[in-house]
Amino acid sequence: MKQGITQSPYSFTGDDIAGEGLKTGLRTLGDLAGIFADEKAYAAMDKGITAYNVKSIEPDPQGTRGGLYMGITYLESGKVGDEYFMTKGHFHLNPLSTEFYWGVKGEGMLILMDEERNVWAEKMFPGSLHYIPARVAHRVANTGSETLVFAACWPSDAGHDYGTIARDGFARRLLDVNGKPELV
Ligand code: M6P
Ligand code: ZN
């Protein structure tokens, strides 16, 4: 049992997290097969390049009710054809689960889609804060020329449903149209 003054086992320095049990995950372009519209452009690219890295602190086992996880994602700048590098995107397995995202560095767009497949997007930048409601799929695109860094906090019983997005995709895509991001 802990007593008295102790030091937290975790740290958050604004653009990095560290501490006990830190988890890290890498997604290469090869891990993102099927999510980009321009299949020809995708086929011509090196599948080994890093699309993004995620670091997370997950103090309780996955599925724990009432627990919280904290993560930070480093999404590289790049495009596949006219489409910005983006995260896989997911609904939560637990449909009641919500999540906060916030922008730390760089420029991007949080793309959101409800179960009726309505799609909207919010600009991400250092200091932007985004609440992702229940039953809303979420994906982030890097629209800038530097690495986009964003942090997230989500319930430990949220889970990731990647299958729905893998099967049906998002109803709209964020493309570079004459140098500007547009939902198409
Ligand atoms: C955020 C959180 C994580 C998620 C990560 C990457 O850090 O939402 O749960 O894993 O972004 O997104 P994705 O899982 O869609 O690739
Ligand atoms: Zn989520």
Side-chain angles (χ1 to χ4, degrees), residues 10 12-19 21-36 42 47 49-65 67-78 80 83-115 119-122 124 126 128-143 147-174:
Y10 312 116
F12 175 59
T13 55
D15 65 355
D16 202 8
I17 55 169
L22 182 77
K23 283 195 174 181
T24 58
L26 162 69
R27 297 243 201 243
T28 63
L29 210 49
D31 295 321
L32 302 178
I35 77 165
F36 296 102
Y42 179 78
K47 302 302 176 298
I49 65 174
T50 297
Y52 55 101
N53 276 288
V54 182
K55 291 184 185 179
S56 59
I57 300 276
E58 306 187 1
D60 301 303
Q62 294 202 15
T64 304
R65 278 180 74 183
L68 287 174
Y69 293 165
M70 162 102 186
I72 190 153
T73 302
Y74 303 85
L75 174 60
E76 298 307 322
S77 169
V80 178
E83 198 167 16
Y84 304 100
F85 276 16
M86 57 189 177
T87 59
K88 282 183 91 162
H90 57 271
F91 283 98
H92 290 146
L93 282 174
N94 176 347
L96 300 177
S97 297
T98 58
E99 186 165 3
F100 271 115
Y101 274 11
W102 62 100
V104 169
K105 267 186 184 165
E107 279 172 41
M109 203 73 85
L110 170 60
I111 306 163
L112 300 152
M113 181 176 74
D114 66 19
E115 289 176 334
V119 176
W120 67 103
E122 296 177 359
M124 297 184 91
S128 67
L129 179 65
H130 312 269
Y131 184 65
I132 300 161
R135 300 174 195 277
V136 170
H138 35 293
R139 155 181 284 171
V140 173
N142 184 343
T143 58
T147 304
L148 173 70
V149 184
F150 69 93
C153 183
W154 67 100
S156 39
D157 62 349
H160 295 89
D161 164 18
Y162 293 111
T164 305
I165 297 303
R167 194 184 61 227
D168 305 331
F170 275 63
R172 296 213 266 166
R173 295 179 174 279
L174 192 75

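Whatever order the structure lists ligands and atoms in, that order sets their numbers, starting from 1.
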For H92 and E99, does a side-chain donor sit closer than 3.5 Å to a side-chain acceptor?
yes
Would you please say whether a donor-acceptor pair under 3.5 Å links the side chains of Y74 and D16?
yes
Please determine, by modelled atom types, if T50 and E76 share a side-chain donor-acceptor pair under 3.5 angstrom.
no
Does R135 form a salt bridge (Lys or Arg N to Asp or Glu O under 4.0 Å) with D114? I'd like the steps, not just the answer.
CA-CA 6 Å; R135 300 174 195 277; D114 66 19; over 6 Å; no
Name the closest protein heavy atom to atom 12 (O) of ligand 1, giving the residue it belongs to and the distance to 0.1 Å.
T87 CB, 3.9 Å
What's the shortest distance from atom 16 (O) of ligand 1 to any protein heavy atom, and which residue and atom give it?
Y52 OH, 2.5 Å
Answer yes or no: does an N/O atom from T73 fall short of 3.5 Å to an N/O atom of ligand 1?
yes
Which bit of H138 is near ligand 1, meaning a heavy atom under 4.0 Å away: side chain, backbone, both or neither?
neither
Numbered atoms of ligand 1 (with element) below 4.0 Å of A152, judged on heavy atoms
1 (C), 2 (C), 7 (O)
Go through ligand 1 atom by atom and flag the ones less than 4.0 Å from a non-hydrogen atom of E99.
2 (C), 8 (O)
Rounding to 0.5 Å, atoms OG1 (T13) and CD1 (I72) come to a distance of 7.0 Å
At the Zn ion (ligand 2), what angle lies between atom NE2 of H92 and atom OE1 of E99, rounded to 10 degrees?
90°
Is H90 close enough that one of its N/O/S atoms sits under 2.8 Å from the Zn ion (ligand 2)?
yes
Could you check whether R27 makes a cation-pi contact with Y162, meaning its NZ or CZ is under 6.0 Å from the centre of the six-membered ring and within 45° of the ring axis?
yes
For G89 and ligand 1, does the shortest N/O to N/O distance drop below 3.5 Å?
yes
Could you tell me whether Y69 approaches ligand 1 through its side chain, its backbone, both or neither, with non-hydrogen atoms closer than 4.0 Å?
neither
protein heavy-atom neighbour closest to atom 14 (O) of ligand 1 works out as Y162 OH, 2.4 Å
Are K47 and Y42 in a cation-pi setup, meaning NZ or CZ lies under 6.0 angstrom from the ring centre and within 45 degrees of the ring axis?
yes
Can you say whether the rings of H90 and H160 are parallel (under 30°), tilted (30 to 60°) or perpendicular (over 60°)?
perpendicular
Does ligand 1 have a heavy atom under 4.0 Å from the side chain of H160, from its backbone, from both, or from neither?
side chain
